[in-house]
Structures are given as structure tokens and as C-alpha cells.
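Below is one structure, written out as C-alpha cells; the observations come after it.
The chain is numbered in sequence order, starting from 1. Atoms within a ligand are numbered from 1 in the order they appear, just like the ligands themselves. Predicted, not measured: the structure shown is a model, and the values here were computed from it.
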Amino acid sequence: MTFTYYGHSCFAIESGGKKFLFDPFINGNELAVGIVDSEKIEADYILVSHGHGDHVADLVPIALRTSAQVIAGYEVVCWAQKQGVKNAHPLNFGSMMFDFGKLHFLPAAHSSSLPDGSYGGNPGGFLLHGTEKKFYFAGDTCLTMDMQLIPRYAKLDFAILPVGGNFTMDADDAVIAAEFMQCDKIIGLHFDTFGYIKIDHEATKEKFRTAGKELILPRIGETIEL
Ligand code: NI
Ligand code: MN
């Protein structure tokens with residue numbers, strides 16, 4: 001099972017021969033320019049945490065090119081369907097079965113509007129039970145008490161959390177989130193893309209080390225074996 005980072009909150013998980021792409025935002029990210037070619041990304045499923053442009057900007061072109069199934073909140077799916085996306089599965093908070101196994105869509109404390117200004121529905125995070133390793137991708141959120149429920153649902157192998165602060169939780173709160181989730185291996189996202197979320201990488205990793213946890217801050221274009 002691999003994790004490939006495309007910058008900001010965009011990444012791919014490859015597991016069991018299936019490709020899962022999350023929160024496609026590439027061409028608007030100046031840090032990804034020249035490193036990631038959005039037209040070469042393959043996907044069987046595209047999972048979207050919420051409607052903000054820095055999570056959906058490249059969703060429709062990639063979905064149309066790959067015919068991947070778009071899995072997102074109802075309002076995000078309606079927005080994609082208006083632009084021609086046919087293969088889509090709308091959902092809301094709760095759990096559901098897919099051909100790749102069980103998935104929980106769980107609340108994020110954030111906001112969600114789409115690039116055309118329409119209502120984006122509830123922002124959330126995804127817990128995947130059916131991949132070779134179980135993981136939670138929190139999307140954009142602050143620290144929430146709800147994260148304490150996750151160990152009751154699954155023993156996570158790793159969690160993917162925002163660490164940049166300002167629009168989401170920062171590293172201090174991400175350490176607490178990792179404690180709530182009872183997870184020692186964290187991949188950090190949603191950092192460095194904009195001035196508001198620039199972080200000191202070493203100091204951020206040290207906060208996790210001090211708590212007995214590992215924080216991976218992936219390089220754009222990097223693939224990590226999990
Ligand atoms: Ni957002
Ligand atoms: Mn965001």
C-alpha cells in the first residue's frame with residue numbers, strides 16, 4: 001500500500017490494485033507546478049472532504065478523464081454532476097459499504113462552499129476500513145471531541161491530519177487528535193501552500209516526537225510505502 005503526495009491536501013492511496021485520489025487541487029498550487037502533472041494522475045475513486053477550491057479545483061477534469069467514481073457529500077456531488085460527472089456516489093455523515101469495503105464519513109469542524117458560491121454541505125473526513133491498512137483522513141478541521149470515537153470504529157495504522165493551523169488545527173492540536181485517535185503514525189497535510197499555513201518542519205516533527213509519535217511531512221511528488 002502506498003501514499004503519494006500531490007501537494008496541499010491532495011494525495012493518492014494505492015491499495016489492493018485500486019487507486020484512491022483525495023481532494024484534487026494541483027494546478028492552482030504553485031508549489032506543485034512542474035512536479036505534478038494532473039493529466040497523468042490515474043484514479044478509480046476520488047474522495048472529496050468538502051467543497052473549498054483548495055480541495056476540488058481539479059476534481060471535474062480528473063473525474064471526466066479517468067471516469068473514477070466521485071465519493072463526496074451530496075452537495076459536492078451535485079456540483080460535479082452539473083459539470084458532466086456521471087460516476088458519483090453522494091453521501092452524508094455515517095457509514096456505508098463500497099466494493100472496496102466499509103467507509104465512514106465523519107464530521108469536520110470547518111465550513112464548505114463550492115467555487116461557484118453554492119452551498120457545499122457538511123465538511124467531513126474519511127475512515128477507510130477496507131484498504132490494506134486502516135486510516136483516517138480528517139479533511140480540514142480543528143480538533144474535535146468526536147475524534148475520540150475513531151478507536152471504537154477501527155484500530156488505525158496511520159492518520160492523515162492537517163497541521164498548518166489558521167484554517168485547520170495546528171501541530172499542537174494534531175498531536176492531541178492523534179492521541180484521541182490512538183494512532184502513533186501521522187502524515188501531515190495542509191501546510192506551506194499559502195503564507196498563512198507555512199510551518200517549521202523540524203519544530204513541527206519534534207512536537208510529535210516528544211509525544212512518542214511519528215509525523216511524516218511528505219515532499220510533493222513523493223511516494224511512501226506504508
Ligand atoms: Ni477548507
Ligand atoms: Mn483547505
For residues Leu31 and Ile160: do they belong to one hydrophobic cluster (side chain heavy atoms under 4.5 Å, members Ile, Leu, Val, Met, Phe, Trp, Tyr)?
yes
Do any N/O/S atoms of His190 come under 2.8 Å of the Mn ion (ligand 2)?
yes
Checking side-chain polar atoms at under 3.5 Å, does Asn29 have a donor or acceptor matched by the opposite partner on Thr193?
no
Glu42 atom CD: more than 12 heavy-atom contacts under 6.0 Å:
no
To the nearest 10 degrees, how large is the angle at the Mn ion (ligand 2) between Asp54 OD2 and His55 NE2?
90°
Does the ring centre of His201 sit less than 6.0 Å away from the ring centre of Phe191?
yes
For the Ni ion (ligand 1), give me the closest N/O/S atom belonging to Asp140, just the atom name.
OD2
Closest to the Ni ion (ligand 1), which N/O/S atom of His52 is it?
ND1
Can you name the N, O or S atom of Asp140 that is closest to the Mn ion (ligand 2)?
OD2
Could Lys18 and Glu132 be called an ion pair, given the rule that one side-chain N must be under 4.0 Å from one carboxylate O?
no
I'd like to know: is the Ni ion (ligand 1) within the 2.8 Å range of an N/O/S atom from His110, strictly under that distance?
yes
Crowding at OH, Tyr74 (>12 non-hydrogen neighbours, <6.0 Å)
no
Considering only N, O or S atoms, which atom of His50 is nearest to the Ni ion (ligand 1)?
NE2
